[in-house]
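Keep in mind that what you see is a predicted model, and the values were worked out from it rather than measured. Just so we're on the same page: letters track the sequence lines, and every chain starts at 1.
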Amino acid sequence: MSDTIITRFPPSPTGYLHVGGARTALFNWLYARKTGGKFILRIEDTDIQRSTQESVNAIFEGLNWLGIDWDAGPFYQTQRFDVYKTYLNQLVNDKKAYYCTCSPETVEAMREKARAEGRNPMYDGSCRHKNLAPQDGAVVRLCTPDTGSTRIDDIIKGPIAIPNTEIDDFILRRSDGVYTYNFAVVIDDLTMDVTHVIRGDDHVSNTPKQILIYEALGAKVPKFGHVPMVLGPDRTRLSKRHGAMGVMEYQKMGFLPEALLNYLVRLGWSYGDQEFFTIEDMKRLFSLESIGRSPGVFDMEKLTALNAEHIQKSTQERLRPLFLEQMQALCIPHDPQDPRLNAIITLLQPRSKTLVDMAQQAESFFVAPSAYCEVASKKNFKAESLDVLKKIREKLTKTEDTSEAAMEALLHSVCEEMGLKLGKVGGPLRVALTGKGFSPGMGEMLALLGKERTLPRLDAAIAHLEAKG
RNA sequence: GUCCCCAUCGUCUAGCCCGGUCCAGGACACCGGCCUUUCACGCCGGCGACAGGGGUUCGAAUCCCCUUGGGGACGCCA
């Protein structure tokens, strides 16, 4: 009755939320948000053997982390059998579906035969005209047309026609009374008034079957849009062997959800040359028309680059809790109340690819180096370095102003007085303070470390150098 | 095997629908350089693609056909 657009995301709870599923969810969600429509979450748990509550929870967790919210649901298919039953009976009464008692072995033999004859392996419809009475242990199959073809007017791929000879009388309800995916999906989409079915490419062959169910029911067929799949670097369907699949693993690796979403939305969809999108940008600019037709390879490097950009453009309020969370997760000693936190984050923002990266770099601000990197000390702890460090120490003791500018000035005066280039001063100091060969600028480090942390580290380095001789 | 889909730099893509402005643009990666106390950031430059073949046309990345290549589906899984 209304023209509200209704989309849905129907994961099967047989594992975590993976990036492919996340992208499908994202597209459906964005389309609903863009058009002011509704987005439904539905759990397709009709595979009772493999469905688990942990998986359901993992899917919620993933969706929550990504910030993908839904307007209705979650609905569970296993709780909707009474609905399915009504529609199934209608089909049987109308002679559009029938009971079949062929055993799995018999059907397999049919498939084998078809294969041998160079045809698509399928059920041959031998029970179709037997007019079998409803009975336990029998499956219910749909009567599918033997001629003609079924057309999909795909929003993304354009018209697709599948010959009906390729579609067998598939099962709507199993012998144990559980409804199959193809049937449950149609009844759900129908009764939930779904207007747009946006899903992975791997479903194109299911679509004509589903259309046939709508037609047998005399129901209105929704619009379909099949988005190309996400491939691994070897150009096959993304799977476990390609490594990180679960969305939450990306959180552990220090990715921002908005960065993952940005990456995912751009994988297959485009808006001119724009690469960087905030969530708000996506909601405003997304369109089904601009989704490409070819599959895309998941590229960690590009995701990482995008993540760096999102970190760089992010705000203090956004980053601070995530940063703290990451410090915690990595067991890096720190003080969550430290007044320097904002300054540290700001300093690290342009130099961090991930939150993990940022947290690791932040360590130096909280704890003294436990050791000096061999390469770095070999390169920077030279003969004259001992005097340099002593000089810095001496000057630092005498200053009160530890602002970045004052610290820069201090370093420059050391250079001047000792007739050294900045590198000869900054190098040893860097190793003394961080133990590493790289870090932010020494002025910035000194200012953030303050005398109370700098002096002991200087003393330790001086002792280290004196011991070395 | 059968059916369906796809095809622009290594990767993501713009351009394709409505042929000329494209000896094909952007981004990631890579390589140089600048900046610089290190590492990053930033900036500048470079490398790098219309799968192949036929048409149609004055003209094709863009339209048509074939070939090749890739992906997907063929379950009492979803």
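At a non-hydrogen distance threshold of 4.0 Å, A:D202, A:H203, A:S205, A:N206 from residues 197-211 of chain A come into contact with RNA chain B. Contacts with RNA chain B (heavy atom under 4.0 Å) in residues 134-145 of chain A: A:V139, listed by number. Looking at residues 97-127 of chain A, you'll see A:C102, A:P104, A:R111, A:G118, A:N120, A:P121 sit with a heavy atom under 4.0 Å from some atom of RNA chain B.
B:G75 and B:C66 have their P atoms separated by 28 Å, with the value rounded to a whole Å. Only the C1' atoms considered, B:U8 is 9 Å distant from B:G15, to the nearest whole Å. For the P atom pair drawn from B:G69 and B:U56, the interatomic distance equals 27 Å after rounding to whole Å. B:C74 and B:A29: their P atoms are spaced 38 Å apart (whole Å). Here, B:U2 and B:A61 have their P atoms 34 Å apart, quoted to the whole Å. Straight-line distance between the C1' atoms of B:U67 and B:C28: roughly 33 Å, to the nearest whole Å. Distance noted for atom C1' between B:A73 and B:G32: 48 Å (whole Å).
Using modelled atom types and a 3.5 Å distance limit, the side chains of A:R50 and A:S55 yield no donor-acceptor pair. Side-chain contact check for A:T180 and A:N182: no donor-acceptor pair (N or O, by modelled atom type) lies under 3.5 Å. Of the N and O atoms on the side chains of A:D281 and A:Y271, not one donor lies less than 3.5 Å from an acceptor on the other residue.
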Using a cutoff of under 3.5 Å, can you pull out all pairs of nitrogen or oxygen atoms linking the protein to nucleotides 62-70 of chain B, with atom names and distances?
none

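Using Watson-Crick or G-U wobble geometry with both donor-acceptor distances under 3.5 Å, B:G20 finds its partner in B:C58. Across the strands present, B:C50 finds no partner; the criterion is a Watson-Crick or G-U wobble pair with both atom distances under 3.5 angstrom. Across the strands present, B:G32 finds its partner in B:C44; the criterion is a Watson-Crick or G-U wobble pair with both atom distances under 3.5 angstrom. Pair assignment for B:C76 gives none, since no Watson-Crick or G-U wobble pairing has each distance under 3.5 Å. Using N1 to N3 plus N6-O4 or O6-N4 for Watson-Crick, or N1-O2 and O6-N3 for G-U wobble, each under 3.5 Å, B:A7 pairs with B:U68.
Following rounding to the nearest Å, A:E166 (CD) and B:C3 (P) show an atom-to-atom distance of 6 Å. Note: CG (A:L422) to C1' (B:C35) measures 15 Å, nearest angstrom. The OH atom of A:Y271 sits 19 Å away from the P atom of B:G26 (whole-angstrom rounding). In this structure, the CD1 atom of A:I392 is 15 Å from the P atom of B:U37, given to the nearest Å. The distance from atom CG of A:D168 to atom P of B:C74 is 11 Å, rounded to the nearest whole Å. Distance NZ (A:K424) to P (B:U38): 12 Å, rounded to an integer number of Å. Taking atom CG of A:L172 as the reference point, atom C1' of B:A78 lies 15 Å away to the nearest angstrom. Regarding A:K157, its NZ atom lies at a distance of 9 Å from the C1' atom of B:G71, rounded to whole Å.
For A:Q312, taking side-chain heavy atoms from C-beta onward, the closest of the listed nucleotides B:G42, B:A73, B:A29 is B:G42. In the set B:U37, B:C28, B:C6, the nucleotide with an atom closest to the side chain of A:R293 is B:C6. Of the candidates B:A29, B:C12, B:C76, B:C12 carries the atom nearest the A:R266 side chain, counting heavy atoms from C-beta on. The side chain of A:I160 lies closest to B:C4, out of B:C4, B:C76, B:G26. In the set B:U13, B:G26, B:C3, B:G26 carries the atom at the smallest distance from any side-chain atom of A:D273.
Heavy atoms from other residues, nucleotides or ligands lying under 6.0 Å from CZ of A:F438 number 12 at most.
Among all heavy-atom pairs drawn from A:A25 and A:L63, the shortest one is CB-CD1, 4.2 Å.
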Review item, side-chain donor-acceptor pairs of residues 361-373 of chain A, under 3.5 Å, at least two apart:
| from | atom 1 | to | atom 2 | distance (Å) |
| --- | --- | --- | --- | --- |
| A:Q361 | NE2 | A:R351 | O | 2.8 |
| A:Q361 | NE2 | A:D357 | OD1 | 3.3 |
| A:Y372 | OH | A:A461 | N | 3.4 |

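The distance between the ring centers of A:F27 and A:H196 does not fall below 6.0 angstrom. Within the 6.0 Å centre-distance limit, the rings of A:W269 and A:F286 are counted as a close aromatic pair.
A:K85 is not listed as a side-chain neighbour of A:L88, based on a closest heavy-atom distance of 4.5 Å or more.
Listed for the A:D45 side chain is a donor-acceptor partner under 3.5 Å among the backbone atoms of A:T78. Without hydrogens or angle criteria, A:S377 side chain to A:E374 main chain gives a donor-acceptor distance under 3.5 Å.
Legend: ring pair (Phe, Tyr, Trp, His ring centres under 6.0 Å) pairs involving residues 138-179 of chain A, not counting sequence neighbours, sorted by first then second residue: A:F81-A:Y179, A:Y84-A:Y179, A:Y179-A:F183.
Position along RNA chain B of the nearest nucleotide to A:F438 versus A:S290 favours A:S290 as the more 5'-ward residue.
Atom CG of A:N262 is separated from atom CE of A:M282 by 4.5 Å, given to the nearest 0.5 angstrom.
A:K302 contributes a side-chain N or O that forms a donor-acceptor pair with the base of B:A27 under 3.5 Å. You'll find a donor-acceptor pair under 3.5 Å spanning the side chain of A:S175 and the base of B:C76, going by distance alone.
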